[in-house]
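What follows is a short report on a single structure.
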There are 2 protein chains.
Amino acid sequence: MMLSKKTKYGLKALTFLAKVKDREPVQIAEIAKCENISQKFLESILLTLRRNGLLGSKKGKGGGYYLIKEPNEIHMTTVMRVLEGPIAMVPCVSLNFYEKCDDCPDEDECSVHKLMLQVRDSALDVYRNNTLADLL
Amino acid sequence: MMLSKKTKYGLKALTFLAKVKDREPVQIAEIAKCENISQKFLESILLTLRRNGLLGSKKGKGGGYYLIKEPNEIHMTTVMRVLEGPIAMVPCVSLNFYEKCDDCPDEDECSVHKLMLQVRDSALDVYRNNTLADLL
DNA sequence: GAAATTCCTATCAATTTGGTAGGATAATAA
DNA sequence: TTATTATCCTACCAAATTGATAGGAATTTC
């Protein structure tokens, strides 16, 4: 249940980019250096953030990554789903990736289901109430 | 961020034992069969639950595992910490296993820290408000 | 004693994670 | 047009974790 480094680094990079004036492109190397992140690893993270519509990029000299939306429009639900995957800790309580447990005959009678439903709701509550702007 | 099978199975076993009349010992084999769990894997899980004071055991014929407390005295905070480990998703927001991030100069300025603090609090809130009895 | 059952250690295959390598592609500037 | 700069992309790899198995030691009951 640890947060992956991918998510941690991704969040840090987003925060970094949110502070940049005029949304000018910032190079991977600079973010990596400032945030103490392996450059190549960060490269792959920024790539997935771009592919998922959170970042824009520009190639060549003066290129780099930049935020594509305003920080207050970037919800943590989106960020977490893109970087960390489903918010639910078991597929049987997932909103977007629901899957029935093959070992569990009746969800309504399952203690794991009951507990994890509450955990999911409380986590969702946090993620829905935080945008990137709230974390600056 | 998935719930481990260890925790899932452990919770199911605890629930199972909570329903047993008079706290009579139940054999590993029976729990494993009823809950569709690999017996040997469950064996190791029940062992750690016993070592952490959640279960009692009895050897030989008529032996098995049994709850050592009443279900309403078994808090999910304890269960989760024993089975899944720290509730916090990053060590720098952990109550019981705090550790400073080596890459992060200032916690108060860290977006990951800010967000994960809230997530920890909300998860803690759920676990504190649920005992085993609440999941039956 | 024999049988039943937990206790314990060691091991293992599969998956996930964090990270690296190296070149392809595109944009800019000379 | 050519060199430079930077992202893009695929593949790969080592270490850690996870879920599970094996096999016997210890203990209790009959």
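Throughout, a chain's letter reflects where its sequence line sits, starting with A, and its residues are numbered from 1.
Listed in residue order, the members of residues 2-9 of chain B having a heavy atom less than 4.0 Å from DNA chain D are B/Ser4, B/Lys5, B/Lys6, B/Tyr9. Near DNA chain D, meaning a heavy atom under 4.0 Å away, the residues from residues 20-38 of chain B are B/Ser38. Contacts between residues 87-101 of chain A and DNA chain C, defined by a heavy-atom separation below 4.0 Å, involve no residue at all. For DNA chain D, the residues of residues 40-50 of chain A within the heavy-atom distance limit of 4.0 Å (strictly under) are A/Lys40, A/Glu43, A/Leu47, A/Arg50, sorted by number.
A single hydrophobic cluster is seen to contain both B/Leu124 and B/Leu83, as judged by linkage of ILVMFWY side chains at heavy-atom distances under 4.5 Å, directly or through other members. There is a path of hydrophobic side-chain contacts, each under 4.5 Å, that joins A/Val119 to B/Val79. In the hydrophobic cluster analysis, where Ile, Leu, Val, Met, Phe, Trp and Tyr join through side-chain heavy atoms closer than 4.5 angstrom, B/Met80 is grouped apart from B/Leu117.
A salt bridge links A/Glu43 with A/Lys40: at least one charged nitrogen is closer than 4.0 Å to a carboxylate oxygen.
Residues B/Val90 and A/Met2 fail the side-chain proximity criterion, which asks for heavy atoms closer than 4.5 Å.
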Start with the C-alpha gap between A/Leu115 and B/Met76, add the side-chain angles, then the distance that decides, and say whether side chain to side chain contact (heavy atoms under 4.5 Å, CB included) holds.
CA-CA 9 Å; A/Leu115 184 63; B/Met76 283 306 116; 3.8 Å; yes
Check step by step if side-chain hydrogen bond (donor to acceptor under 3.5 Å, both in side chains) holds for A/Ser122 and A/Asp125.
CA-CA 5 Å; A/Ser122 74; A/Asp125 201 52; over 6 Å; no
Stepwise side chain to side chain contact (heavy atoms under 4.5 Å, CB included) check, B/Leu11 with B/Leu135:
CA-CA 10 Å; B/Leu11 253 176; B/Leu135 302 178; 4.2 Å; yes
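Taking B/Tyr65 as the reference, nothing meets the ring pair (Phe, Tyr, Trp, His ring centres under 6.0 Å) condition, with sequence neighbours excluded. B/Thr15 meets the side-chain hydrogen bond (donor to acceptor under 3.5 Å, both in side chains) test with A/Ser111; sequence neighbours excluded. By the side-chain hydrogen bond (donor to acceptor under 3.5 Å, both in side chains) test, A/Glu107 pairs with A/Tyr98, sequence neighbours left out. Every residue meeting the side chain to side chain contact (heavy atoms under 4.5 Å, CB included) condition with B/Lys69, not counting sequence neighbours, appears here in chain and number order: B/Glu73, B/Ile74. Evaluation of the side chain to side chain contact (heavy atoms under 4.5 Å, CB included) rule for A/Thr78 yields A/Leu54, A/His75, A/Val82 as partners, not counting sequence neighbours.
Residue pairs meeting the salt bridge (Lys or Arg N to Asp or Glu O under 4.0 Å) criterion with at least one member in residues 96-106 of chain B, sequence neighbours excluded: A/Lys8-B/Asp103, A/Lys12-B/Asp103.
For the pairing with B/Leu55, the side chain to side chain contact (heavy atoms under 4.5 Å, CB included) check across B/Leu47, B/Ile45, B/Leu67, B/Thr48 returns one residue only, B/Leu67.
Taking every nucleotide of DNA chain C with any atom under 4.0 Å from a non-hydrogen atom of chain B, the first and last of them, 5' to 3', are C/dA4 to C/dC8. You can see that DNA chain D meets the heavy atoms of chain A within a 4.0 Å-exclusive cut from D/dT5 to D/dC9, reading 5' to 3'.
The OG atom of A/Ser44 sits 7.5 Å away from atom CG of A/Leu42, with the distance rounded to the nearest 0.5 Å. Atom CE of A/Met116 and atom NE2 of A/His113 lie 11.5 Å apart (nearest 0.5 Å).
Mapping A/Arg51 and A/Gly63 onto DNA chain D by nearest heavy atom places A/Gly63 at the nucleotide closer to the 5' end. Ranked by how close their nearest DNA chain D nucleotide is to the 5' end, B/Gly60 and A/Tyr65 are led by A/Tyr65.
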